Every structure is written in C-alpha cells, then in structure tokens.
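Heads up: the structure comes next, in structure tokens.
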Amino acid sequence: MDKILEALVSSSHPLTVKRAIVKKVMEAAEKEVTEEQCQALYHLTTRLILLGEDAFQRQVGLQVQEAYARYHRDEFARFFSKEYVLVLLQQGYGSLDRRDPAILDFLHGSLRLLISCPAVLELAPLLQTEVLRIICERPEPATCAKLATILTDFPQCVPREKAGVLFCQQLVRTFAYFHCPATEERELREYVTQVTRVSVLLQGVWKAEPATLLPSLQEVFAIISSTDPSFEPSIALACLVQHIPLQMITVLIKSLTTDQNVKDASMTQALCRMIDWLSWPLANHVDTWVIALLKGLAAVQKFTILIDVTLIKIEQVFNRLWYPIVRQGALVVLSHMLLSFQHSPEAFQCFICFISTSGSKIKFVLNQSAWTSQSNSFASGLLKITGKSETGKTGLVNLGNTCYMNSIIQILFMATDFRRHVMSLHLNGSNTLMKKLQLLFAFLAHTQRAAYSPRSFLEVSRPPWFTAGSQQDCSEYLRFLLDRLHEEEKTLSALQVTSPKPEPANTSAETLQAAASQPVADMPSHPDPVAANGDGRTLVERMFGGRLSTAIRCLQCHSLSEKEEPFTDLSLAFCPSMSKCHGPTDEHKSSSSVGPCQGAVNGGSESSEGSVKEGAGTRMERPVVEPTLSAPDLVDYFLAPEILENENCYFCERCASLQRAKKVMQVVVAPEYLILTLLRFSYDATCHVRRKILDNVGIPLHMSLPLRQHGISASSSSSTAATSSSSDSPDSGENLAKKLKPSQKEDGMVENRINSETNDSDSEMLSVPYVLSSVVVHSGMSSESGHYYSYGRNVSSTDGYVAHPCPKTLESSSLSESSTATQEEMGCAEHKSMDWFLFNDNRVSFTNFESLQNVTSRFPKDTAYVLIYRKQEVSGQPSNSGPVVNGSRLSGEPPLQKELMDAITKDNKLFLQEQELNARARALQATSASCSFRPNGSDDNDPPGSCGPSGGGGGGGFNTISRLVF
C-alpha cells in the first residue's frame with residue numbers, strides 16, 4: 001500500500017484522479033493491515049508531512065496518517081516511540097533542522113492522535129526534559145509559540161518541581177530575546193500573537209505551581225536591571241506583567257526598594273525599562289506597577305533614581321500619548337511623573353499647559369503628589385520621613401531664639417499683595433536686603449523642605465544691637481526691617497537718578513560702582529517696576545506707609561499748630577485702668593496720675609521714652625468702651641483727644657507762654673496694610689519690675705479706621721508723599737511708630753495758624769474698611785522670656801467685605817460699637833470658610849478664626865501682640881493691590897524669575913540628596929541597633945533654637961501636644 005501511495009503522489013495524473021485513489025487508500029485503513037504495512041505507511045506519511053514538495057503531498061500525508069492511526073493506534077504508538085521522538089527533537093528529520101517549527105507541528109499532531117493512549121504518559125518525562133533544553137537554546141518567537149501550544153494542550157509535558165522553576169526562569173529569559181525586526185502590520189500582529197501565546201502558557205504554569213512565580217519575577221528583575229550595554233531585553237516582557245497578581249504589589253515593591261544589594265544603577269535601568277513597557281500594546285497593569293515602583297522609591301527617599309528616570313523617560317512617555325492603543329497607561333504615568341517632580345521645573349513646566357484643572361485643585365494635587373509626600377507603606381518605620389506640611393506652607397527653622405524673626409517673616413509672607421510686589425521685582429545680580437527677602441519668599445513658596453533655614457537672611461537683617469542667640473522684640477525687628485528696606489530703596493533710587501545713563505548696560509555698571517561706597521552693598525540691575533510709578537514712594541511706603549496728623553490748639557488764643565508725620569505701624573497703649581477710661585472727661589477738671597508707663601517686648605530692655613498720654617499732668621478725652629477691650633477700642637484710645645496741662649502744658653508761640661492746649665491726632669493717609677502693635681509690657685515704678693498686661697483683647701475680623709479728609713489735605717492722601725519732621729518730637733511720643741525718612745525733599749513741618757471754625761468746616765471723617773490678615777502672638781509672662789508664633793491667611797484688597805466710606809463729623813470720629821458689631825456679623829458667615837494657618841517656627845498647621853479669637857481665653861499667657869489688617873477696596877477709589885508688570889496689573893502670583901528658580905531647583909535637589917543619604921544611613925543602622933524614633937517638629941522642647949523653657953524660659957510651657965492643637 002505504501003508503494004502505491006508513493007507512486008501516486010509523485011505521478012502526473014490529474015489531481016481529481018489522485019484524490020480518488022487517496023480516498024480508497026484511507027478507506028482501506030478500516031480493514032485489517034499487517035504491522036509491517038502500518039509502519040511503512042507511517043514512515044511514508046511522515047516523510048510527506050515534513051518533506052513534501054507541495055501542499056498536496058503534505059495534505060495527503062496528514063490525511064492518511066490520521067486515518068491509519070485512528071484504526072491502528074497501537075501500531076502508531078510503537079512507531080512514535082521515545083527513541084523516534086528523541087531523534088526528531090535532537091537531530092531533526094532529513095534536511096530539516098531540529099529547530100524547524102515543522103517538527104514541532106508534526107510532534108503536536110502526533111500527540112493529538114495518541115491523546116487517550118497511555119503512550120502519551122510514557123513520552124511525558126522525555127518531553128519535559130527536551131522542552132527545557134529547547135527553551136534554554138533561546139528559540140525564536142514562532143518556535144516558542146508552537147511549543148507553548150503543545151504544552152497548553154498537553155500540560156503533563158510541562159517540567160515539574162525544580163525543573164519547573166528552572167523552566168519558568170529560562171522561559172522568562174527567552175522572552176528577553178523576543179525582538180521583532182518586522183515592519184509590516186501583518187508581521188507585527190503575528191509577532192504579538194506569538195508572544196501572547198507564550199505568556200498565557202507561563203500564566204498557566206504559575207497558577208498550577210505557585211512556587212514558580214516568585215523565582216520568575218526575580219528573573220524578570222534581573223533581566224531588566226542588567227547594566228550590560230551589549231544586551232537590551234525585549235519589551236515583550238510587558239506581556240508577563242498582566243499575569244502577576246496585583247495583591248503582590250506591596251510585597252514585591254517593598255522587597256525591591258529596601259534591598260541593599262540592588263544598586264542604584266540597576267534600579268534606574270529597571271525602572272527605565274518598565275517605562276518602555278508602556279509601548280507594548282494590550283498589556284494591562286503596566287502603569288500600575290510603574291507608579292507603584294515610583295512611589296516605593298520616593299518612600300525610601302531614593303530621589304536620585306527618580307530624577308534620572310524622569311528626565312530620561314518623560315519625553316518618551318509623552319510621545320506615547322499619540323497612540324490610542326497605549327494612551328491610557330502612558331497618560332497615568334505621565335501625570336504622576338509631572339506632579340511628583342516638584343523640586344525643579346525641568347519636567348513639569350514643559351507640560352503644564354496639558355493639565356486642565358483649577359488653580360486651587362492643582363495646588364492640592366501637587367502637595368499630595370510630591371515625592372516627599374508619598375505614602376511610606378513600602379518602607380520600614382525607621383525610613384519614614386516628615387514631608388512638607390499638609391497645608392502646603394513652609395515653616396522656618398529656629399536658629400537660636402529667632403522666633404521673633406520667624407513670626408515676622410511669616411506674616412509678611414502672608415501679606416499677599418506685598419509678597420506679590422516683592423516677587424515681581426527684577427533684582428537679578430544684586431545683593432540687597434530686598435533681594436534676600438525676595439529669595440526667602442521664593443523658598444517659602446516653592447521649596448520642598450518642611451522647614452527652611454533663614455540663616456542668610458538673619459545675618460543681613462538682624463539689628464546691630466541685637467545679641468545673637470538672645471530673645472528679642474518682634475515689633476522692634478519689624479520696624480527695623482521695614483526701615484532698612486525703605487532706606488535701601490531710597491538710596492538706590494537716588495543713585496539711579498544721579499548716575500549718568502549713556503546706555504542701559506553702562507548705566508548698570510556705573511551704578512554698581514557708585515553704590516560700592518554707599519551703605520547699601522549693591523543695587524538692582526533693572527529699575528524697580530513698583531517704585532517707578534511716578535509718585536517717588538518706596539515699596540514699604542506704598543504698602544505699609546500711612547500719615548498721621550497731629551494738631552495742637554491753644555485753649556487761650558485758639559491758634560492751631562499742625563504737622564503730618566509718616567508711620568508704618570501704630571503702637572497702641574492700654575488704658576491704665578477701666579475706671580480711668582470711664583472717668584470724667586471734662587477738660588476743665590484736673591487729672592491724676594494714670595499709672596505705669598507702657599512699652600513693648602524688646603528682649604529684656606524697656607522703652608526709654610514715656611508715653612505722652614500716660615505722662616504726669618496729662619488729661620485725655622477717652623472714648624467709652626466696654627470692659628472687654630478690642631483692637632478698635634485701642635485705636636480709639638490712641639486717637640482720642642487729650643488735654644495738655646499742668647506739667648505738660650503747651651508753649652504757645654502766639655501767647656509766648658505755657659498754656660493749656662488740646663492735642664488731636666488723626667490719620668490722614670490710610671496704609672494698604674495697617675500694622676497695630678499692642679504695648680503689653682509696663683514698668684512698675686513701685687516694684688521696679690516689668691509686668692505683662694494679660695488683658696484679653698478682642699480681635700475683630702473686620703474693622704474700620706477713621707480717616708480725616710478735607711478740601712486741601714485730602715487730595716494728597718494716597719498719591720503725595722509729604723515729608724515729616726524728626727520723629728523724636730516731644731509731641732509725638734512713643735505711641736508713634738519708628739518713622740520712615742521722607743522720600744521728598746521739602747520739609748514736613750507745616751505750621752498753620754488758622755481759625756478753628758474754618759478747619760472744622762472743611763474736614764470730614766471717613767471709615768476706611770480693613771480685614772484681618774495676620775497676628776503675632778506672644779506666649780509668656782514677661783519681656784525677658786517667651787515665645788512668638790503667628791496666625792495668618794492669604795488675603796488681598798478684594799477679599800472680605802467691601803464697604804463704602806461713611807462720612808462722619810470730626811467729633812464722631814471714633815469707632816462705634818454698633819459699626820463694629822455689624823462688621824462682625826458680616827464677617828461671621830465668611831471667616832469660617834477662609835483658610836487660616838498657624839506658624840510656629842518649623843511647624844505649620846491648619847487652624848481657624850475661632851482659635852485665634854479664643855487663644856488668650858484658653859491659654860492666658862498667650863496674647864496678641866502685632867496685628868496686620870489689609871485695607872479693602874472701596875468702589876470709586878484707585879486700587880493698589882497688585883504689582884504692575886509690563887504695564888499690566890497682576891491679580892495672581894507673578895511668574896518665578898529664572899535666578900530664583902535656579903536657586904530653588906538647586907536647593908531642592910540638595911534636599912532630596914540629603915533625605916536619600918539619611919534614609920540609607922538609617923537603613924544600615926536599623927539591622928544592628930534598635931532606635932527610639934523621635935518625630936520632627938519638637939524644636940521648642942530642648943534643642944538649640946528653642947524659645948521655650950530650655951531655650952530661655954517662659955513661654956507658658958509651649959511644648960505639650962495639647963498646646964499644638966488649635
């Protein structure tokens with residue numbers, strides 16, 4: 001029969017005749033055939049299947065072999081013996097190489113003919129060994145796919161136990177060699193199908209024998225972490241990721257990120273290759289594993305790896321967005337990389353335009369996505385870090401009793417419009433105090449540190465008479481700082497005006513040379529865009545400068561002497577006693593002594609000047625106030641008229657003698673930011689000690705400042721900077737703030753001897769609305785010790801309520817109780833929704849307005865000391881809220897300048913390196929020593945820089961946990 005079949009297929013007869021004869025041969029299989037005839041037919045059909053000249057011959061071989069194997073299975077089992085299979089797999093068949101896929105197809109077909117025969121079980125051990133050998137030879141994807149098909153249909157042929165582990169490892173390594181040189185779509189689809197088929201086989205093995213999974217994954221990591229430049233594994237490994245149980249993410253990532261044997265270069269290479277897997281179509285969960293590894297590395301502070309990988313791969317990930325089949329996973333990874341890469345704009349700013357979300361939402365997302373904010377579930381307890389506060393704000397490191405400076409810097413930073421003006425200045429290349437403040441503000445806004453060390457700013461801004469390391473008065477520091485900034489800008493402006501200007505470039509150089517001999521060390525390379533508004537005022541004058549008019553009228557001849565002086569803050573004295581405040585106001589009655597002299601907290605030194613209002617022989621017309629004082633009450637008391645008599649009589653030039661007189665102080669120019677300093681410390685002459693006034697002063701969210709405006713003077717209220725006389729005039733007293741020196745040239749003393757009725761008829765009082773911006777609190781019992789912390793919020797001139805000015809008569813200039821109550825009602829529904837922050841050196845936390853109002857009630861030693869109110873815009877009046885850049889007024893934060901950006905980027909990288917080195921050091925110590933972990937943020941307990949009991953005493957014990965929850 002075999003001879004007839006062989007002659008037939010090679011004859012020249014028509015195909016129809018050949019098919020008819022082949023059909024007769026197949027029907028003859030049902031009859032009894034000798035074993036020799038069966039063996040001859042099996043050999044012939046095998047030759048036709050493997051070496052057939054055309055498709056007809058191969059088809060005839062398959063049909064005849066299948067027909068005879070069905071009816072003569074035992075004979076076929078003896079033909080398809082272990083020896084025969086071994087020769088096929090190790091030597092091939094005829095001209096066919098042993099690696100030819102046709103041999104595996106023949107093997108698969110033969111096994112299917114024996115599927116229910118015991119012979120398959122006899123062949124299984126042999127096939128298990130041969131399959132492992134074939135895989136170790138790194139066959140092509142087509143060969144592996146056919147082998148996977150065989151093993152899927154005949155799982156008994158899959159290697160078991162130790163051989164199974166080795167088989168999985170070798171199959172994974174074979175995946176790494178599955179490179180695809182094809183460019184045609186058909187070839188690419190076939191390639192993807194082949195790889196998918198092999199991955200499904202591996203998935204089945206992992207499910208059948210779970211012990212093979214972990215070694216397989218270890219082999220995957222060993223492959224992708226290889227730093228051998230001559231070997232680049234195939235991205236086909238991405239097919240395996242979707243078959244790894246997601247429940248293993250935490251265990252595997254923790255194992256990888258905490259393994260000290262894994263070098264940084266290997267981890268970088270592995271992560272880069274995993275990101276390459278995003279290009280593999282139809283692979284699921286690749287993005288999940290990539291992000292999990294990114295978070296795991298951030299949790300153990302391996303920031304160097306994250307920086308390198310992000311900068312290397314972010315462009316590639318972005319380019320994947322153009323391909324819909326892989327877009328979803330690439331977008332998830334790209335978003336995470338951009339949002340977490342916050343120490344530098346290199347990656348983020350290139351793609352910020354593609355992220356569409358609101359400003360407040362993106363700030364929240366950024367704060368939660370930074371590397372330093374990642375969950376530390378992958379790290380051990382010793383590797384956990386203290387990231388930036390959840391508020392997104394930055395604390396300031398206490399450098400040794402420097403809470404006075406930290407609290408002032410924070411409230412200036414929270415003065416939104418002042419901060420925006422400072423950040424919009426072009427001071428490149430300068431070394432001025434304003435440049436230092438600008439740099440400090442930039443770090444507070446953009447650093448990734450939980451707390452920034454302001455050491456360089458302290459060195460240039462500390463008053464010369466402040467002793468390093470000792471406690472100081474924050475209000476004194478604030479006045480000195482504002483005065484320095486004011487004088488510096490005046491000096492630079494004067495130098496710019498007097499310097500020759502042949503060319504812009506030469507002007508800068510000559511100005512720098514001229515400035516070298518001046519008190520200011522350097523000057524800006526560009527003019528100040530804020531000061532160049534035509535009014536000649538400095539930034540400090542524009543933001544904090546107001547003007548106070550002092551009028552003294554002789555009660556004998558009724559002549560009037562009036563002068564105006566600038567101020568940056570109002571120092572508010574307390575009424576000596578409630579009974580005194582409610583005492584008789586008849587100006588013809590004589591007054592007695594009004595009690596101890598009041599002053600400020602100034603680090604152990606008391607004020608050298610006495611208040612005019614508390615001076616001996618002085619009478620005042622005080623407003624009637626409730627027993628509970630409020631800030632508006634103290635403003636009323638400050639502005640209340642007083643009678644100069646007895647030892648404090650006024651020398652009238654018209655009368656040429658000492659006369660009784662009436663002194664009235666009125667605000668004629670309202671500052672953009674109103675700074676109120678409460679003089680809480682008094683000197684007891686009887687006991688010769690300084691005592692702190694612990695009265696609980698109400699702090700309203702809104703208040704109004706009485707402003708005098710009349711026909712002539714009002715026109716210069718906010719656009720003309722009139723000059724002033726010396727600030728130590730005997731009429732000014734200590735209640736006036738340290739005065740700014742004028743920026744105009746004319747003399748500021750204006751003597752007007754006019755009729756009183758004319759002056760009164762031309763004047764009217766306006767109520768200028770203000771909203772609370774920040775408060776500095778002093779915690780302690782004396783001026784010699786204590787601690788400062790502050791409350792603050794972002795508020796601009798358009799926040800809060802906007803009131804219209806209410807004309808008042810000169811006699812009703814004080815703040816009424818009804819107006820204050822109305823303001824509180826208007827603000828009550830509003831302040832709950834506004835964000836308040838508590839700044840306590842390096843700690844920043846959320847708080848609310850109720851906490852600020854009740855701080856003294858809860859902690860009697862903690863009292864409000866410095867208050868900052870922001871003036872609110874009134875319809876019909878010009879706005880001075882935002883900085884002007886290129887002719888446009890900015891309503892938001894100005895763009896960060898390159899020099900500041902570079903400095904922040906450099907420091908952020910340094911911070912990440914510090915965190916990484918510290919984490920590695922702790923990890924090395926963790927295995928050999930048991931450490932008692934102490935959380936950060938306890939700087940007031942006993943370290944250097946504390947202002948608590950161990951850092952100078954006092955402070956009311958501001959170190960307990962309960963005290964930190966406001």
Side-chain angles (χ1 to χ4, degrees), residues 140-146 148-149 152 171-172 174-204 206 216-217 220-221 223-224 232-246 248-249 252-253 269-295 309-341 347-348 350-357 369:
E140 295 296 324
T143 303
C144 277
K146 293 183 180 299
T149 303
T152 301
L171 187 56
V172 166
T174 301
F175 259 94
Y177 291 88
F178 283 178
H179 295 289
C180 179
T183 56
E184 298 294 332
E185 180 179 354
R186 182 188 60 80
E187 295 175 339
L188 290 173
R189 289 182 179 275
E190 184 179 357
Y191 169 75
V192 172
T193 302
Q194 293 168 351
V195 173
T196 303
R197 190 175 301 166
V198 180
S199 69
V200 170
L201 167 66
L202 200 52
Q203 178 191 20
W206 288 344
S216 300
L217 299 182
V220 171
F221 184 77
I223 294 170
I224 63 177
E232 184 61 33
S234 169
I235 63 171
L237 286 166
C239 265
L240 304 180
V241 176
Q242 59 188 328
H243 303 310
I244 305 174
L246 293 177
M248 297 184 67
I249 286 183
L252 292 177
I253 297 300
Q269 194 69 268
L271 186 52
C272 287
R273 285 167 174 161
M274 287 181 66
I275 293 174
D276 291 339
W277 292 351
L278 293 171
S279 303
W280 184 260
L282 307 179
N284 298 321
H285 310 312
V286 173
D287 55 328
T288 303
W289 282 92
V290 170
I291 293 177
L293 185 53
L294 290 171
K295 290 183 176 180
V309 171
T310 302
L311 296 179
I312 292 172
K313 290 295 181 180
I314 196 166
E315 184 176 356
Q316 174 184 324
V317 175
F318 177 75
N319 289 333
R320 294 297 175 268
L321 299 180
W322 298 108
Y323 304 99
I325 195 170
V326 296
R327 179 179 297 159
Q328 182 176 0
L331 180 60
V332 173
V333 174
L334 177 66
S335 300
H336 178 83
M337 293 172 74
L338 293 178
L339 293 176
S340 59
F341 197 90
F348 185 75
C350 295
F351 304 98
I352 185 63
C353 57
F354 297 100
I355 301 177
S356 57
T357 184
S369 303

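Predicted model only: the values in this text are computed from it and were never measured.
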Is the [atom1] atom of [X] crowded by more than 12 outside heavy atoms at less than 6.0 Å?
X: E140; atom1: CD; value: no
X: R189; atom1: CZ; value: no
X: Q328; atom1: CD; value: no

Between D276 and Q316, do the side chains contain an N or O donor and an N or O acceptor separated by less than 3.5 Å?
yes
I'd like to check L293 versus M274 (side-chain heavy atoms, cut-off strictly below 4.5 Å). Are they in contact?
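With C-beta onward as the side chain, the pair touches.
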May I ask you to test the L246-H285 pair for a side-chain heavy-atom distance under 4.5 Å?
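Touching, per the 4.5 Å side-chain cut-off.
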Measure the spacing between [atom1] of [X] and [atom2] of [Y] and express it to the nearest 0.5 Å.
X: I253; Y: M248; atom1: CD1; atom2: CE; answer: 10.5 Å
X: L331; Y: F318; atom1: CG; atom2: CZ; answer: 10.0 Å
X: W289; Y: I249; atom1: CH2; atom2: CD1; answer: 5.0 Å
X: I275; Y: L334; atom1: CD1; atom2: CG; answer: 10.5 Å
X: I314; Y: N319; atom1: CD1; atom2: CG; answer: 11.0 Å
X: L237; Y: F221; atom1: CG; atom2: CZ; answer: 13.0 Å

Measure across [X] and [Y] and return the closest heavy-atom pair with its distance rounded to 0.1 Å.
X: A176; Y: I223; answer: CB-CG2, 3.7 Å
X: L240; Y: W206; answer: O-CZ3, 4.1 Å
X: T174; Y: C144; answer: CG2-SG, 3.7 Å
X: D287; Y: G329; answer: CB-O, 3.6 Å
X: V195; Y: C239; answer: CG1-SG, 3.7 Å

Check: [Y] main-chain N/O paired with [X] side-chain donor or acceptor under 3.5 Å:
X: R320; Y: R327; result: no
X: H179; Y: E232; result: yes
X: S234; Y: F178; result: yes

For M337 and V317: C-alpha separation, side-chain torsions, deciding distance, then whether side chain to side chain contact (heavy atoms under 4.5 Å, CB included) applies.
CA-CA 10 Å; M337 293 172 74; V317 175; 4.3 Å; yes
By the definition side chain to side chain contact (heavy atoms under 4.5 Å, CB included), identify the one residue from T193, V192, V198 that meets it with T196.
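Exactly one pass, corresponding to V192.
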Could you go through the side chain to side chain contact (heavy atoms under 4.5 Å, CB included) check for V290 and L294 one step at a time?
CA-CA 6 Å; V290 170; L294 290 171; 4.1 Å; yes
Could you walk me through whether I291 and K295 pass the side chain to side chain contact (heavy atoms under 4.5 Å, CB included) check?
CA-CA 6 Å; I291 293 177; K295 290 183 176 180; 3.8 Å; yes
Does the pair V326 and S279 meet the rule for a side chain to side chain contact (heavy atoms under 4.5 Å, CB included), with working shown?
CA-CA 6 Å; V326 296; S279 303; 5.7 Å; no
